[in-house]
Amino acid sequence: MIALYGATAEIHDHITRNPGSFQATMKGFKLLQEARAEFIVQLVPMKDNYHQYKEMVKLAKSLSPHWRVGAAWLFLSAEGDPGKTKR
């Protein structure tokens with residue numbers, strides 16, 4: 001699972017606070033694709049990138065047939081269901 005924080009370098013790098021992180025992430029995706037490895041693109045929507053949500057989904061779909069939105073800990077804390085937390 002690889003996190004994607006934006007559809008562009010400007011937003012992704014802003015969120016990670018690491019210049020070049022978007023480019024490095026894209027390189028990682030390419031290497032995984034070349035190795036024919038399966039992976040999940042994890043979209044992490046937040047205030048600073050939500051305006052790019054549709055573009056993030058489009059990018060995720062172009063990178064892998066497997067993608068999801070949000071982090072597991074966000075789902076569980078937002079859901080508040082102890083039964084789901086145990087799974």
Separation of I40 CD1 from W67 CH2 (nearest 0.5 Å)
12.0 Å
Rounded at 0.5 Å granularity, tell me how far CG in N18 sits from NE2 in H12.
8.0 Å
About how many Å separate CD of Q52 and CD of E55, when rounded to the nearest 0.5 Å?
6.0 Å
Less than 6.0 angstrom separating the ring centers of Y5 and F22, yes or no?
no
Rounded to the nearest 0.5 angstrom, the CD1-CG distance for I2 and L32 is 4.5 Å
Rounded to the nearest 0.5 Å, how far apart are CD1 of I11 and CG of L4?
12.0 Å
With heavy-atom distances below 4.5 Å as the criterion, would you say the side chains of Q33 and L63 are in contact?
yes
Are more than 12 heavy atoms, taken from residues, nucleotides or ligands other than E34, located less than 6.0 Å from that residue's CD atom?
yes
Can you check whether M1 reaches H66 side chain to side chain, under 4.5 Å on heavy atoms?
no
Closest contact, heavy atoms only, V44 versus A3
CG2-CB, 4.2 Å
Could you check whether any side-chain heavy atom of T8 comes within less than 4.5 Å of a side-chain heavy atom of D13, counting everything from C-beta outward?
no
Criterion side chain to side chain contact (heavy atoms under 4.5 Å, CB included) against L43, the qualifying member of L59, N49, V57
V57
Are R68 and V41 packed together at the side-chain level, in the sense that at least one heavy-atom pair is separated by less than 4.5 angstrom?
no
Identify the heavy atoms of S21 and T16 that sit nearest to each other, and give their distance.
OG-OG1, 2.6 Å
